[in-house]
Protein chains: 2
Amino acid sequence: MPEKAGRAPTQRDVAAAAGVSTATVSYILSGRRDRVTPVTPETRERVLRAVEQLGYRLDHSGRSLRRRRTELVCVVYRMPDNPWVERLAEQVQTIGARSGYSMIALPLPSRPPAEPVPRPSPLRVLRERYVDGAIVANGTLIEPAELRRLAAGGLSLVVFHDALAPAGFDVVDLVQRSALTDLVGHLLDRGHTRIGYLAHDVELAAPDDEVQSLKYRTVAAALAAAGAPLDPRLVVPGADVRERAYVETQRLLRIENPPTALISSSDRGAIDAIWAARDLGASVPGDLAIAGIGNGTEGSAIRPALTTVGLPRLDFTVPVTRLFERITAPGELPGDRIPQPWQLIVREST
Amino acid sequence: MPEKAGRAPTQRDVAAAAGVSTATVSYILSGRRDRVTPVTPETRERVLRAVEQLGYRLDHSGRSLRRRRTELVCVVYRMPDNPWVERLAEQVQTIGARSGYSMIALPLPSRPPAEPVPRPSPLRVLRERYVDGAIVANGTLIEPAELRRLAAGGLSLVVFHDALAPAGFDVVDLVQRSALTDLVGHLLDRGHTRIGYLAHDVELAAPDDEVQSLKYRTVAAALAAAGAPLDPRLVVPGADVRERAYVETQRLLRIENPPTALISSSDRGAIDAIWAARDLGASVPGDLAIAGIGNGTEGSAIRPALTTVGLPRLDFTVPVTRLFERITAPGELPGDRIPQPWQLIVREST
DNA sequence: CTGAAAGCGCTTACAG
DNA sequence: CTGAAAGCGCTTACAG
């Protein structure tokens, strides 16, 4: 069935085999203009047979060059992915399919590129018009200036970011700060004064980084504002790795004057902390109140159900739809801020 | 700096601005032929200035069409990803960069497509020559016939699969069966006769599926062959979801005549099972031996360290290098089988 | 050392 | 209802 090795068959070959012009082949394969100038069923049949026989496959390079769009969009995120990103990808796939778009993913390294910068940069996919648009999840290490350049160059862009001004692209603002502040307030209201923090490594390594240490900084600021500043001895690493979260929590519980509440920079870390506490015979939230950050899928399935902050529902219809509006529009949309606020979700663990 | 809205600048615009021909622009930007016919430093300088000034960005459609390759490869996997796939992606990125290739990911839905099949299919990226090659991780639901068609159509392909013959593409055979059989033998040697199985949902839903239920089928077959067939009451779901693994393990331990050993279809499930057992006061491996499958990164970090089966090292240099050989070669490589056998890794939990 | 020109595979206004 | 032809942005053998 498939063509012989060598040059892959083109529409010219199909046209020749079916005895029609390439225009006819193109109309039939792309499904356009059918109503205006219908092709006779026999012609169509003949062409489709030739396609089958030659093993013809459309080559998008030609189409993209001519149509000036690739009909591909990209979900950009920082490895590893998470349920959040997967849900986003699914929705991009579903909503994009309606306008004939396919989705690819661009997983970016979790660490800033080493020197010398690798050639080609992974960002080539965005820079050289391989895709018509992209959704950038929060946490990637792409520079704001790069994003502005990409948008100026014609890429349709929707960016999840908490501290960035729209500039030719839309910014989905998770408004994490107020929810995190609410969480701190909630714990203080419950009477806690010794509050610990289970951190991601990067937060301890670069506590001043506005983006990477946003959670840590916000929690620390809220506590300080309430007159109960974070005790450095109650700040421990481990939110990244399950077993370390477990060990560090047990260590915290054994120090003199241990915390009565613990905020974990990840839901995962919080769940491990719950187990760590229980294994030591401590009750949650009685002896130790524990809260996560992120509102992952596991938090509501465990006992005690996890108090956390995050998006109440993983529904990205608005930003995803916006991306395709941008792609469809002549390119004249300004940049909007799309608020998608995190919320405090109080369950049983605090 | 960037061009005004409207048509994006092309090499023609750059050439006009710099007062040279498009050929010169192209040579400078692509870096080819420089040694054969060097461009004078001034010309180069002038062109690069024009590029900067116009905000010119290469458009890969034109290049791909002309060069007959996209310089893009794709890692195809089934959502969600896992450390295994991430490692593979990293290595594709690193090794590909040496030949000027960028990597994208194509995450496929975890369930077979609903009827009617969505248009466009996510496989369009592979079918319509968006990429020059792809590595397909194991577990995707792509039909073998589809893989053969893609290879016949000229796509360079390396497929991780345990039950597939090479056919214009290479097959990385994980040889999972013998390692799984070894695991069963190991437990039997230790004197276990009541062995339980913590399954992925799909294994219970489609136990006859050669690909999706390979682990379950192999374990069951090995036990049956040893004269100790799997007791259906000892087969429980939960390997997919942490909390369910925990609950189901505790349930298993409370039944009359409980298992003395448990094989989990995932490392993650096994780790949760360890915690579940310990929370009930059962010792591991004393009261319950527990083994995982997959050799993820967490298994060696916990106590007791997890016995598991999987790849001893996450080194995919051979298959990844092979992919780029395929891409580079005139296209005349046959299909090879690349064995990359799983092994039994005995640690402390059994 | 540089430029004019052909052509990669497709789409699409236009003429018939 | 169908075909001839131009052209999308780039690369590259070839002529100068």
Side-chain angles (χ1 to χ4, degrees), chain A residues 3 6-16 18-47 51 54-71 100 124 127-130 132 153-154, chain B residues 3 6-16 18-47 51 54-71 100 124 127-130 132 153-154:
Chain A
E3 83 281 9
R7 197 175 55 78
T10 67
Q11 291 193 359
R12 221 144 89 82
D13 301 317
V14 173
V20 298
S21 75
T22 61
T24 302
V25 174
S26 177
Y27 281 130
I28 289 171
L29 294 181
S30 64
R32 315 241 157 178
R33 278 269 298 251
D34 265 6
R35 271 163 306 187
V36 180
T37 59
V39 173
T40 60
E42 298 133 27
T43 307
R44 162 185 299 276
E45 181 55 37
R46 203 144 31 93
V47 167
V51 164
L54 296 171
Y56 169 78
R57 295 266 161 142
L58 184 81
D59 186 323
H60 103 281
S61 302
R63 167 177 288 186
S64 293
L65 182 55
R66 175 63 217 233
R67 288 204 179 150
R68 306 280 57 232
R69 66 200 135 83
T70 61
E71 284 161 321
R124 183 163 73 99
R127 289 179 182 149
E128 300 185 356
R129 308 180 201 280
Y130 280 92
D132 296 337
Chain B
E3 83 281 10
R7 196 175 56 77
T10 69
Q11 291 193 0
R12 221 145 88 81
D13 301 318
V14 173
V20 299
S21 76
T22 61
T24 302
V25 174
S26 176
Y27 281 129
I28 289 173
L29 293 181
S30 63
R32 314 241 157 177
R33 278 268 297 250
D34 266 5
R35 272 163 305 188
V36 181
T37 60
V39 173
T40 59
E42 298 133 27
T43 307
R44 162 185 300 276
E45 181 55 38
R46 204 144 30 95
V47 167
V51 163
L54 295 170
Y56 169 78
R57 296 265 161 144
L58 184 82
D59 186 322
H60 102 282
S61 302
R63 166 177 289 185
S64 294
L65 181 56
R66 177 61 218 236
R67 287 202 180 151
R68 306 279 58 231
R69 65 201 137 83
T70 62
E71 284 161 321
R124 183 162 73 99
R127 289 179 182 148
E128 301 185 354
R129 309 179 201 280
Y130 280 93
D132 295 337

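Chain naming here is simple, since letters A, B, ... match the order of the sequence lines and numbering starts at 1 in each. Since the structure is predicted, the reported quantities are computational estimates derived from the model, not experimental observations.
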(request) With heavy atoms under 4.0 Å as the rule, sort B:Ser61 into base, sugar-phosphate or nothing. (result) nothing

(message) Tell me the closest heavy-atom pair linking B:Tyr130 and B:Arg124, and the distance in Å.
(response) OH-NH1, 2.9 Å

(message) Would you say A:Thr22 places a side-chain N or O within less than 4.0 Å of OP1 or OP2 belonging to C:dC10?
(response) no

(message) Measuring from the side chain of A:Arg66 (C-beta onward, heavy atoms only), which nucleotide among D:dG9, D:dC10, D:dA6 has the closest atom?
(response) D:dA6

(message) From C-beta outward on B:Tyr56, which listed nucleotide comes closest to its side chain: C:dC10, D:dC10, D:dG9?
(response) D:dC10

(message) Rounded to the nearest 0.5 Å, what separates atom CZ in A:Arg68 from atom CG in B:Asp59?
(response) 4.5 Å

(request) Please report, rounded to the nearest Å, how far the P atom of C:dG7 is from the CG atom of A:Asp59. (result) 18 Å

(message) Minimum heavy-atom separation for A:Gln11 and A:Tyr56, please, with both atom names.
(response) CG-OH, 3.1 Å

(request) Select one nucleotide: of D:dT12, D:dG7, C:dC8, the one nearest the side-chain heavy atoms of B:Arg68. (result) C:dC8

(request) Identify the heavy atoms of A:Val20 and A:Val25 that sit nearest to each other, and give their distance. (result) CG2-CG2, 3.8 Å

(request) Starting at atom CD of B:Glu128, determine the distance to atom P of C:dC8, rounded to an integer number of angstrom. (result) 20 Å

(request) May I ask you to decide if A:Gly153's main-chain N or O and A:Arg129's side chain share a donor-acceptor pair within less than 3.5 Å? (result) yes

(request) Would you mind reading off the distance between A:Arg127 atom CZ and D:dC10 atom C1', rounded to a whole angstrom? (result) 20 Å

(message) Mind checking if B:Thr43 touches a base, just sugar-phosphate, or nothing, with heavy atoms under 4.0 Å?
(response) sugar-phosphate

(request) Compare the minimum distances between each of C:dG3, D:dG3, C:dC8 and the side chain of A:Ala23, then state the nucleotide with the smallest one. (result) D:dG3

(request) Respond yes when some side-chain nitrogen or oxygen of B:Thr10 is under 4.0 Å from OP1 or OP2 of D:dG9, and no when none is. (result) no

(request) Kindly point out which of D:dC1, D:dC14, C:dT12 is positioned nearest to the side chain of A:Thr40? (result) D:dC1

(request) Identify, between A:Leu58 and B:Thr24, the residue whose nearest nucleotide on DNA chain C lies closer to the 5' end. (result) B:Thr24

(request) May I have the distance from A:His60 (atom NE2) to C:dT11 (atom P), rounded to whole angstrom? (result) 12 Å

(request) Under a 3.5 Å limit for both distances, which nucleotide forms a Watson-Crick or G-U wobble pair with C:dA4, could you say? (result) none

(message) Using whole Å, what does the distance between atom C1' of nucleotide C:dC1 and atom OH of B:Tyr27 come to?
(response) 11 Å

(message) I'd like the C1' distance from C:dG16 over to C:dT12, given in whole Å.
(response) 16 Å

(request) Report the distance from atom CZ of A:Arg63 to atom C1' of D:dG7, rounded to the nearest whole Å. (result) 17 Å

(message) Just N and O in the side chain of A:Arg57: are any of them under 4.0 Å from OP1 or OP2 of C:dG9?
(response) no

(request) Using atom CD of B:Gln11 as one end and atom P of C:dG7 as the other, report the distance to the nearest whole Å. (result) 20 Å

(message) Looking at D:dA13, which nucleotide sits across from it as a Watson-Crick or G-U wobble partner, both distances under 3.5 angstrom, or is there none?
(response) none

(request) Would you name the heavy atoms of B:Ser61 and A:Ser64 that are closest together and state the gap between them? (result) OG-CB, 3.7 Å

(message) I need the CD1-P distance between A:Ile28 and C:dT12, as an integer number of Å.
(response) 15 Å

